[in-house]
Chemist: 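Please find one structure pasted underneath; my questions will follow.
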There are 2 protein chains.
Amino acid sequence: MQRKFRSPRSDDSRGVASPFLDRISDFTVRRLSSYCRILRNLETNSASTVSSAKLAELCGVTSAQVRKDLSYFGNFGTRGLGYQVSELKTAIEKIMGLHRQWSVALFGAGSLGHALFFHEGFREDGFYFRHVFEVDPLKVGKKWQDVEIRPIEEAESRLKRIPVDIAVVATPSESAQEIVDLVVGLGVKAIMNFAPRKLNVPDNVGLRNVNLAVALESLSFFLSN
Amino acid sequence: MQRKFRSPRSDDSRGVASPFLDRISDFTVRRLSSYCRILRNLETNSASTVSSAKLAELCGVTSAQVRKDLSYFGNFGTRGLGYQVSELKTAIEKIMGLHRQWSVALFGAGSLGHALFFHEGFREDGFYFRHVFEVDPLKVGKKWQDVEIRPIEEAESRLKRIPVDIAVVATPSESAQEIVDLVVGLGVKAIMNFAPRKLNVPDNVGLRNVNLAVALESLSFFLSN
DNA sequence: TAGATTGTTAATCGATTAACAATC
DNA sequence: TAGATTGTTAATCGATTAACAATC
């Protein structure tokens, strides 16, 4: 149904079990994102505990689903009482890698690139844009916050000097594969792609495609049928 | 596993069978989008026929999947020969509702709203923004192409005068439900939501959530494990 | 203790795939 | 005709859910 992600064998000293030998589906990962967001809200509203039923309701899933998802990673609750909000939030952030910072390079400084760069949620989650690369000479040289837009030709040398964990591709489809090949060659292991085309990456590189048209087309289908 | 969409009973005079009594999963709809895009490319490159195996390869799925997806809607191929590219493209566009125009209202004229408004792919697919509504008085009055940004208070009267098929919500999370209630009350039957929160809509309204953070968080999980 | 809720197993549901008769 | 490829059925795979013993 979907490609699964196999977690490498690595133990963890701070109470979060690693799901080695097990496989976590992307469905589960996406729900963990959602649980995390809700738990942050609950924490803001000073809730101290939450049951799987309550969390499920707030996320629009079943309570069995919540418990099942969490069970891949450890025992976070107390029978009869539920989960400590802050504790569970911290645990999920750690599982998701949201307890640390990630360096990101943005390719494409068009309106989509602009929106991504200034999207506040990313920074709050620990994702920091270190580079912006663009072909349009009219945009090169401009500064977005403390990052100067540089020509794509400088990507290699700059990424060697200041490496990143993640590359975000917000360029026209034609240049996407080229950029991916470049950053993969430079050791980048994770790519978020907005270009609506199939990209080839090695097995050990994570690729997530975001296609803005799909949601609208799905609504168009819904309205038509 | 997911909510299914039940197609209403309605026959079609132009050769595309309607899948009444059947249910089409959102997985299938998303793949139809993908087939459509590839077929458009093939048509541009003057390919006249394509097999399910070739189409599958270009989309990154199996040939059985392609044939299965298409089989929900009719018989589009010729045994031994494959599919006519233009014919199949036209058929899928019709199934998806991409053979006509859709009117869209945009809520939120921030950088995300800006990116969506100027996203070329939408217009090419037949989605036209008729309205842009925004609370920030500094933005109200500006013109994006031929559309003037108007205050959110005018949404009701303007949408009554010039109705839309789809509302796109690109506002902060806090105002999203309010906007949804408003447009649902005005008869809008399809909503694309970028606010990272659960929205309540009646059963007969289509809602698609796009969460930009999820793809990055999923990569953060990938890199961490 | 009685009530509540977890963690987990087994059952169910539904999506994908293999296989092949039909047929160009 | 022989080769190719569809449309469809049945088998498989995997995600979700119901149910309940464990236990706070």
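Order of the sequence lines sets the chain letters (A, B, ...), proteins ahead of strands, with each chain counted from 1. For the numbers below, each heavy atom of this structure counts, side chains included, while hydrogens, waters and symmetry mates do not.
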Chemist: Excluding sequence neighbours, so at least two apart, what forms salt bridge (charged side-chain N to carboxylate O under 4.0 Å, His left out) with Arg31(B)?
Modeler: Asp69(B)
Chemist: Would the His131(B) and Phe133(B) ring centres measure less than 6.0 Å apart?
Modeler: yes
Chemist: Can you tell me the distance, in whole Å, between the CG atom of Leu81(B) and the P atom of dA22(C)?
Modeler: 19 Å
Chemist: Distances for protein N/O vs nucleotides 18-21 of chain D N/O pairs under 3.5 angstrom?
Modeler:
residue: dA19(D); atom: N6; partner: Arg67(A); partner atom: NH2; Å: 3.1

Chemist: Dot-bracket for DNA chain D, please, read 5' to 3', with Watson-Crick or G-U wobble pairs under 3.5 Å on both distances, ( ) within the strand, [ ] crossing, | other strand, . unpaired.
Modeler: ..||||||||||||||||||||||
Chemist: Going by the rule ring-ring contact (aromatic ring centres under 6.0 Å, His included), which residues pair with Tyr83(A) if we only count those two or more places apart in sequence or in a different chain?
Modeler: none
Chemist: With sequence neighbours excluded, tell me which residues meet salt bridge (charged side-chain N to carboxylate O under 4.0 Å, His left out) with Arg123(A).
Modeler: none
Chemist: CD of Gln84(B) versus C1' of dT5(D): gap in Å, rounded?
Modeler: 14 Å
Chemist: Can you tell me how far P of dA15(C) sits from OH of Tyr72(B), to the nearest Å?
Modeler: 7 Å
Chemist: Choosing from dT8(D), dT17(D), dA15(C), which nucleotide comes nearest the side chain of Ser71(B)?
Modeler: dT8(D)
Chemist: What about the rings of Phe122(B) and His119(B), do their centers lie closer together than 6.0 Å?
Modeler: yes
Chemist: Between dG7(C) atom P and Phe73(A) atom CZ, what is the distance in whole Å?
Modeler: 14 Å
Chemist: Which residues pass the side-chain hydrogen bond (donor to acceptor under 3.5 Å, both in side chains) test with Gln101(A), not counting sequence neighbours?
Modeler: none
Chemist: Can you sort out the partners of Ser175(B) under side-chain contact (heavy atoms from CB on, under 4.5 Å), two or more places apart, ordered by chain and number?
Modeler: Thr171(B), Pro172(B), Ile179(B)
Chemist: The criterion is side-chain contact (heavy atoms from CB on, under 4.5 Å); which residues satisfy it with Glu93(B), sequence neighbours excluded?
Modeler: Cys36(B), Arg40(B), Lys89(B), Leu98(B)
Chemist: Could you check which residues of residues 50-60 of chain B get a heavy atom under 4.0 Å from DNA chain D? Sort them by number, please.
Modeler: Ser51(B), Ser52(B)
Chemist: Starting from P on dG14(D), measure out to CD1 on Ile24(A) and report it in whole angstrom.
Modeler: 14 Å
Chemist: Of the listed nucleotides (dT8(D), dT16(C), dT6(D)), which one gets closest to any side-chain atom of Asn75(B)?
Modeler: dT8(D)
Chemist: Please give, in whole Å, the distance from dT16(C) C1' to Arg30(B) CZ?
Modeler: 15 Å
Chemist: According to side-chain hydrogen bond (donor to acceptor under 3.5 Å, both in side chains), who are the partners of Ser86(B), at least two apart in sequence or on a separate chain?
Modeler: Glu43(B)
Chemist: Quick one: side chains of residues 187-200 of chain B, donor-acceptor pairs under 3.5 Å with protein atoms, not counting sequence neighbours, listed by atom name and distance.
Modeler:
residue: Asn193(B); atom: OD1; partner: Ala195(B); partner atom: N; Å: 2.8
residue: Asn193(B); atom: ND2; partner: Ala195(B); partner atom: O; Å: 2.9
residue: Asn193(B); atom: ND2; partner: Asn209(B); partner atom: OD1; Å: 2.8

Chemist: More 5' along DNA chain D: Gln65(A) or Gly80(A), using each one's nearest nucleotide?
Modeler: Gln65(A)
Chemist: Rounded to the nearest Å, what distance is computed from the CZ atom of residue Phe27(A) to the C1' atom of nucleotide dT16(D)?
Modeler: 11 Å
Chemist: Salt-bridge test for Arg100(A) and Asp165(A): reply yes if a basic N is under 4.0 Å from a carboxylate O, no otherwise.
Modeler: yes
Chemist: With sequence neighbours left out, write down each residue that passes side-chain hydrogen bond (donor to acceptor under 3.5 Å, both in side chains) with Ser52(A), or none if nothing qualifies.
Modeler: Arg67(A)
Chemist: To the nearest Å, give me how far apart CZ (Phe76(B)) and P (dT23(C)) are.
Modeler: 18 Å
Chemist: Between dG7(C) and Tyr83(A), is there an OP1 or OP2 to side-chain N/O distance shorter than 4.0 Å?
Modeler: yes
